[in-house]
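Report on the structure given below.
Everything numeric in this text was worked out from a predicted model, so none of it was measured. All ligand and atom numbering here is 1-based and tracks the order in the structure.
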Amino acid sequence: MRGHPRAAILGRMTAPVSVTPVLVVHGGSGRISPEHHTAAVAGTHAAAIAGQRVLLDAGRCEDAVVAAVRVLEDDPAFNAGRGACMNRDGEFEHDAAIMRSRDLRSGAVAGIRAIRDPVLVARLVMEQTRHCLLTGEGAEALARAHSVGHFGRDEVWTPKAEAAYREVLEGRGAADNRADTVGAVALDNDGHLCAAGSTGGILFKLPGRVGDTPLCGSGFYAHPVLGACCTTGVGEAILTHLLAYEALRAAAEQPGAAQQIAERLCAEISGRWSNAAVGLILVRPDGEVAIAHASEHMSWALARGATTPESGLGRR
Ligand code: ASP
């Protein structure tokens with residue numbers, strides 16, 4: 001696609017038929033301590049398999065990304081759902097989002113408290129309301145009204161999150177670049193695209209702080225012409241640069257260069273923001289992918305068609 005991004009918004013809204021499905025997941029951009037490397041890669045690999053299974057059964061991209069993100073929300077190795085990090089007051093406040101290309105519908109929740117499966121509530125916002133983003137108590141009330149979500153501190157608390165919180169509280173560690181948020185993007189058989197993400201945010205954040213993850217265009221975006229993108233890292237750096245939309249728009253202008261463009265954007269934003277961790281995954285409508293990060297690590301996995309997913313912790 002060339003020209004002003006508006007051309008894309010007004011462009012083709014129906015997808016081509018019979019495409020090789022693609023799913024990419026990430027397990028967060030930041031520094032992962034050596035003892036967690038194996039779990040981080042195993043977790044993203046398992047999530048890719050779950051999403052791939054949905055796509056190979058001719059499932060929709062939204063079902064695939066939700067299946068992948070749910071695996072990661074349940075995995076205590078990741079900062080989402082069970083395993084989420086705590087805010088300054090030792091409470092859990094989650095953000096999550098989903099968006100599909102077929103009609104540009106999106107749903108997100110921000111500051112929803114102590115819930116194991118926030119991506120399901122984001123999906124509820126997309127499918128059952130006329131809104132795009134619900135916060136705190138409103139999101140919790142919607143979830144309860146539809147009997148969606150497992151709520152409670154016991155559902156999300158992990159020794160790992162407690163230890164990380166104590167380290168900062170007691171001045172033994174810094175609340176920086178420690179991120180293991182999760183996300184997924186998918187292209188399904190019908191050529192539709194979807195992005196989803198879920199996070200506990202950043203460790204020791206102020207109560208009420210919201211990052212990029214639930215913000216459309218920053219933390220996620222999906223569009224029939226541009227593709228689907230999901231970001232990770234320090235939310236303040238990412239949302240200031242509208243990274244998800246910007247990466248898709250730039251990649252659309254230069255087919256074949258998505259990886260290079262994604263790496264450049266992550267590095268630029270990180271550099272402008274005191275070397276903040278910044279990462280993203282994206283898939284274009286033609287199946288081209290980018291998996292990029294400016295940080296020590298980002299666990300990821302990629303499933304293309306029926307082939308065994310590739311996974312890793314750094315550059316692909
Ligand atoms: N982007 C998330 C946030 O700032 C955190 C992360 O990706 O690790 O809330």
Practice problem: Using a strict cut-off of 4.0 Å, indicate which atoms of ligand 1 neighbour a heavy atom of Thr181. | Solution: 2 (C), 5 (C), 6 (C), 7 (O), 8 (O)
Quiz item: Would you say ligand 1 has an N or O under 3.5 Å from any N or O of Thr232?
Solution: yes
Quiz item: Out of curiosity, is Asn79 lining ligand 1, as in a heavy atom under 4.0 Å away?
Solution: no
Practice problem: Apply the salt bridge (Lys or Arg N to Asp or Glu O under 4.0 Å) test between Arg113 and each candidate in Glu140, Glu93, Glu91; give the one that qualifies. | Solution: Glu140
Exercise. Indicate, as side chain, backbone, both or neither, the part of Arg209 found under 4.0 angstrom from ligand 1 when only non-hydrogen atoms are considered.
Key: side chain
Exercise. Run the numbers on Arg284 and Asp286 for salt bridge (charged side-chain N to carboxylate O under 4.0 Å, His left out), then give the verdict.
Key: CA-CA 5 Å; Arg284 286 172 24 91; Asp286 61 4; 2.8 Å; yes
Self-check item: Test side-chain contact (heavy atoms from CB on, under 4.5 Å) applied to His146 - qualifying residues, sequence neighbours left out
Solution: Leu124, Gln128, Leu142, Val148
Quiz item: Should you measure from each heavy atom of Thr213, which atoms of ligand 1 turn up under 4.0 Å away?
Solution: 1 (N), 2 (C)
Quiz item: What class does the angle between the rings of His241 and Trp273 fall in, given that below 30° is parallel, 30 to 60° is tilted and above 60° is perpendicular?
Solution: perpendicular
Quiz item: Any salt bridge between Arg70 and Asp74, counting N to O under 4.0 Å?
Solution: yes
Exercise. Look at Asp63 together with Arg53 and state whether they make a salt bridge at an N to O cut-off of under 4.0 Å.
Key: no
Quiz item: So, is Glu236 polar-close to ligand 1, with some N/O to N/O distance under 3.5 Å?
Solution: no
Self-check item: Residue selection (non-hydrogen contact nearest atom 2 (C) of ligand 1) among Gly235, Gly201, Gly233, Gly211
Solution: Gly233
Quiz prompt | Ligand-side contact atoms (ligand 1) for residue partner Asp212, heavy atom cut-off under 4.0 Å | solution = 1 (N), 2 (C), 3 (C), 4 (O)
